[in-house]
Structure formats: C-alpha cells, structure tokens
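Note: hydrogens, waters and symmetry copies are ignored here, and every other heavy atom, side chains too, is used.
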Amino acid sequence: VKGHSAFVDHTGHVIAHPNAEWMREIRDISDWPIVQAMLAGNTGVTSFYSPFMQGNMVAGYAAVPDVGWGVMVPQPEAEIAARVHSLMLSHLVWAIAGLLLAIVLAILLARWIIGPLDQLARAGRQLMHGGLQGNLPAVRSDAPQEVRELGTVMRALIAGLQGSRDEISKLNESLQKRVDEATRQLRDSNHKLEKLARRDSLTELANRRHFETSLAKALSRRSGDVNEVCIMLLDIDHFKQINDVYGHAAGDAVLNHIARVLEQGMRAQDLVARYGGDEFVAYMRCTHEVGMQRAREIRNAIDQYAVSWNSRNIHITVSIGLYYQDLQEGVDVNALLDNADNAMYKAKRQGRNRVVDISH
C-alpha cells in the first residue's frame with residue numbers, strides 16, 4: 001500500500017510529506033489542482049497524478065480553518081482499481097464499501113489533524129488580542145507528532161517574545177530614570193550657573209552686570225502707577241586702611257556687614273548690588289523724600305554699629321550719593337548712575353560719613 005498523508009501551508013509549500021527531500025526543500029506544489037482546492041478552503045475527494053508516486057492518486061483533502069493550511073490523504077488509483085477489478089464480480093459491494101470506508105477514514109484523519117491545529121489557532125488569537133499574556137495550551141497527546149512539535153515550538157516562541165517584551169520594558173524604565181536624573185542634574189547646574197552669573201560671590205548680593213541689566217529692564221517696562229526712581233551709590237570710607245590695619249579677611253567681614261544692612265533697609269521690589277570693590281548701589285521706586293529718608297537711615301545704621309573682629313571693634317562710616325529722577329522726563333540708565341556717582345564723590349569731598357543729593 002502506497003497511501004500517505006501530506007500537509008501544505010497557505011502558499012502551497014509542503015510542510016509534511018513522506019518524501020524527505022520534498023520536506024527539506026519545502027517543495028512548492030501550489031500548481032496541483034488538489035492543492036488549489038484546499039487553498040480555496042474546500043474539503044472533498046479528488047484524483048490527480050502524483051510525481052512522487054509516479055501515478056494517479058485518489059485523495060481526500062480538507063482546508064484547515066484560520067491558518068489556511070491544507071491536508072490530503074492520497075491513495076494510488078492503481079491499487080484501488082486492481083482491487084475493484086479483482087472483486088468486481090463477487091465483491092462489488094465490498095469494494096464500494098471499502099472505498100466509502102477509505103473516504104470516511106480520510107475525512108476522520110483530516111479532522112484528527114485539524115482539531116489540534118484549530119485549538120492552537122484559537123489560543124494564538126486570544127494571546128494576540130491579550131497582549132501576549134499567558135501561553136498556548138499543550139496539544140493533546142493523541143494528536144499527530146508534527147502537530148505536537150508545532151505546539152511546542154510555538155509555546156517556546158511566545159515565551160521568548162514575552163521575555164523580550166519584559167526586558168525591553170525594564171530597559172525603558174531604567175532609561176527613563178536615567179533621563180529624569182540627568183535632566184534634574186542639568187536643571188540644578190543651570191540654576192547654579194545662572195545664580196553665579198547674577199550674584200557677587202562674597203556678599204551674595206547682585207553683581208554690577210545684573211544690577212545694570214535689571215535696572216534697564218525695569219525702566220523700559222515701568223508701570224503707569226510708578227513714575228519715579230532713586231539711585232543710591234554707597235562707598236565705604238577709608239576701606240583701604242581697614243584692610244591694611246586689620247587684614248583682608250576683616251575687610252571681607254565689613255563688606256558682608258554692609259551688604260546685610262542694605263538688604264534690611266530695602267523693600268522686596270528694590271534691588272541692591274555690590275557695584276565693585278567697596279562700593280554698593282541700589283535703586284528704589286519711591287519719591288525723592290522717601291529715598292533721602294532711607295539713605296539717611298542706612299548711613300546712621302552703619303555709623304552706629306561697629307564690626308567686631310578678633311576682639312577689636314571696627315568703626316565704619318559710608319559716603320552716600322543719591323540721585324532722584326522723574327520717569328516722565330525720560331530716562332538714561334548711564335546718566336542715572338553717573339549722577340549718583342557724582343553725588344557720592346561730592347559726599348567724599350565734603351568730609352565723608354554723609355548723604356549728598358544732587359537731584360534737581
């Protein structure tokens with residue numbers, strides 16, 4: 001008996017066949033009429049010429065739902081014809097019954113194979129829609145060996161995909177944490193750099209560049225309810241003598257003391273800065289009278305308090321120049337600062353430790 005079974009995939013290539021060479025090269029038999037019938041989704045019985053058997057064959061065939069595979073069970077036509085002829089007279093009925101039995105067996109065999117494949121297909125669809133959660137069920141033990149091996153391979157493949165998915169998820173989470181940390185560090189570094197660019201490193205006040213930039217911006221966008229500004233320029237009297245007598249560390253302590261006094265005497269909307277060396281500057285949005293009052297209060301606060309250094313008291317005085325400007329008259333930042341500077345030097349010439357105003 002030369003009957004056998006064969007499987008083809010949805011393109012007509014051999015998946016299982018008794019011809020080992022055909023299986024190794026995955027022979028394309030899509031041009032066979034019986035294969036074309038299976039690929040079209042039909043089930044039935046037909047005859048065809050088999051190059052493998054070199055003869056005409058009678059075969060039962062069926063299409064596997066969903067996956068598009070086909071299975072056929074061919075029998076040599078010569079064997080059937082010989083049996084029919086030998087029993088034609090006396091066993092005609094048995095021949096017909098045998099043929100019918102062969103057809104039924106072929107259909108049952110096809111269903112025996114298709115059942116487990118259909119189970120794998122349904123489970124595969126569920127996994128696909130469920131995001132690869134879970135796994136394929138084991139193929140029953142009485143299924144064909146090829147189908148059981150196919151199930152084993154598919155389960156291993158799905159397990160590998162699930163492992164890769166989990167690994168990628170972990171890598172993405174780790175990468176996101178690193179990106180977040182790097183972003184935070186970069187933000188902190190930028191904040192520190194921005195602060196360093198705006199601050200005097202000793203007194204922690206604004207530096208001259210930031211003061212002049214802020215003053216120019218403030219004047220350019222002045223609000224309608226604020227129409228006047230006072231510039232106050234302060235210089236420590238005899239600061240070089242303090243450095244020479246007590247040392248530069250004592251001079252730094254004096255500068256920090258002046259900075260704190262100025263901070264306490266300013267409002268939140270004012271800006272005070274170290275202008276350079278022993279000079280400090282501030283701008284205040286206030287009237288002429290208020291500006292003079294605050295300048296005098298700052299001079300008095302500095303004059304009445306001595307800085308203690310190595311058990312010695314350092315008495316400090318300052319010379320303050322004040323300049324008031326009505327913003328309605330037009331503003332030039334450099335002119336404001338030059339006038340405040342002239343007022344400060346006038347205070348120096350008049351004997352120091354005083355406030356001089358040269359506003360019109």
Side-chain angles (χ1 to χ4, degrees), residues 181-223 226 229-240 242-243 246-286 290-291 294-295 297-299 301-303 305-309 314 316-323 325 331-341 343-345 347 355:
E181 178 62 20
T183 301
R184 184 190 63 78
Q185 293 178 356
L186 180 60
R187 189 183 300 112
D188 291 344
S189 297
N190 288 339
H191 179 72
K192 291 177 181 178
L193 288 174
E194 182 181 355
K195 184 177 179 181
L196 289 174
R198 294 185 288 108
R199 294 291 175 182
D200 173 62
S201 59
L202 175 63
T203 64
E204 291 296 316
L205 296 178
N207 57 28
R208 178 172 180 170
R209 179 179 180 183
H210 178 59
F211 176 84
E212 292 178 348
T213 301
S214 299
L215 177 59
K217 289 181 179 179
L219 297 179
S220 66
R221 63 171 185 268
R222 61 181 182 270
S223 60
V226 179
V229 65
C230 285
I231 302 296
M232 182 176 66
L233 189 62
L234 177 152
D235 183 84
I236 303 174
D237 296 331
H238 306 296
F239 184 69
K240 183 177 183 303
I242 295 175
N243 282 331
Y246 300 99
H248 288 279
D252 290 345
V254 169
L255 291 172
N256 276 302
H257 168 67
I258 299 296
R260 304 293 79 81
V261 173
L262 286 170
E263 283 181 331
Q264 294 173 8
M266 293 295 111
R267 298 171 303 177
Q269 64 268 33
D270 300 329
L271 178 63
V272 60
R274 185 182 178 190
Y275 205 55
D278 59 338
E279 292 183 345
F280 295 84
V281 67
Y283 80 79
M284 302 168 285
R285 289 292 185 88
C286 62
V290 172
R294 293 171 68 190
E297 289 173 351
I298 289 172
R299 187 206 66 79
I302 295 173
D303 184 32
Y305 183 88
V307 175
S308 178
W309 182 259
I314 306 175
I316 311 164
T317 63
V318 295
S319 298
I320 299 177
L322 185 74
Y323 186 76
Q325 175 72 54
V331 179
D332 181 85
V333 173
N334 292 328
L336 283 176
L337 294 173
D338 287 343
N339 287 327
D341 188 60
M344 184 270 293
Y345 277 105
V355 178

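- Side-chain contact between Y305 and V261 is absent, with no heavy atoms from C-beta onward closer than 4.5 Å.
- Nearest heavy-atom pair across S319 and D237 is OG-OD1, 2.7 Å.
- In this structure, CG in D235 is found 6.5 Å from OH in Y345, a value given to the nearest 0.5 Å.
- Nearest heavy-atom pair, R274 versus F280, reported as atom, atom and distance to 0.1 Å: CA-CD2, 3.9 Å.
- Closest non-hydrogen pair, A340 versus I231, comes out as CB-CG2, 3.6 Å.
- The shortest side-chain heavy-atom distance between L202 and D252 falls under the 4.5 Å cut-off.
- When side chains are defined from C-beta on, L205 counts as touching R260, because their heavy atoms get closer than 4.5 Å.
- Nearest heavy-atom pair across M266 and A282 is SD-CB, 4.0 Å.
- Atom-to-atom distance recorded for N339:CG and Y323:OH is 4.5 Å, nearest 0.5 angstrom.
- Taking the charged nitrogens against the carboxylate oxygens, R294 and E297 have no contact shorter than 4.0 Å, which rules out a salt bridge.
- Applying the ring-ring contact (aromatic ring centres under 6.0 Å, His included) rule to F211 yields the partners Y283; only residues at least two apart in sequence or on another chain are considered.
- Rounding to the nearest 0.5 Å gives a distance of 9.5 Å between SG of C286 and CD of Q269.
- Minimum heavy-atom separation, G291 to C230: CA-SG, 4.0 Å.
- Side-chain contact between V290 and R285 is absent, with no heavy atoms from C-beta onward closer than 4.5 Å.
- With sequence neighbours excluded, the residues satisfying side chain to side chain contact (heavy atoms under 4.5 Å, CB included) with T213 are R209, K217.
- Rounded to the nearest 0.5 angstrom, D278 CG and K240 NZ are separated by 12.0 Å.
- Two residues are said to be in side-chain contact when any heavy atoms from C-beta on lie closer than 4.5 Å; L215 and E212 fail this criterion.
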Under the side-chain contact (heavy atoms from CB on, under 4.5 Å) criterion, do D341 and L337 qualify, and how do the steps go?
-> CA-CA 6 Å; D341 188 60; L337 294 173; over 6 Å; no

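- Shortest non-hydrogen contact noted between E263 and V272 is CG-CG1, 4.5 Å.
- Two residues are said to be in side-chain contact when any heavy atoms from C-beta on lie closer than 4.5 Å; M232 and I320 meet this criterion.
- When side chains are defined from C-beta on, L255 counts as touching I236, because their heavy atoms get closer than 4.5 Å.
- Between L322 and M284, some side-chain heavy-atom pair lies under the 4.5 Å cut-off.
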Give the C-alpha distance, both sets of side-chain angles, the deciding distance and a yes or no for side-chain contact (heavy atoms from CB on, under 4.5 Å) between L234 and I302.
-> CA-CA 11 Å; L234 177 152; I302 295 173; 4.0 Å; yes

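- One finds the CG atom of D338 at 8.0 Å from the CG atom of D332 (value rounded to the nearest 0.5 Å).
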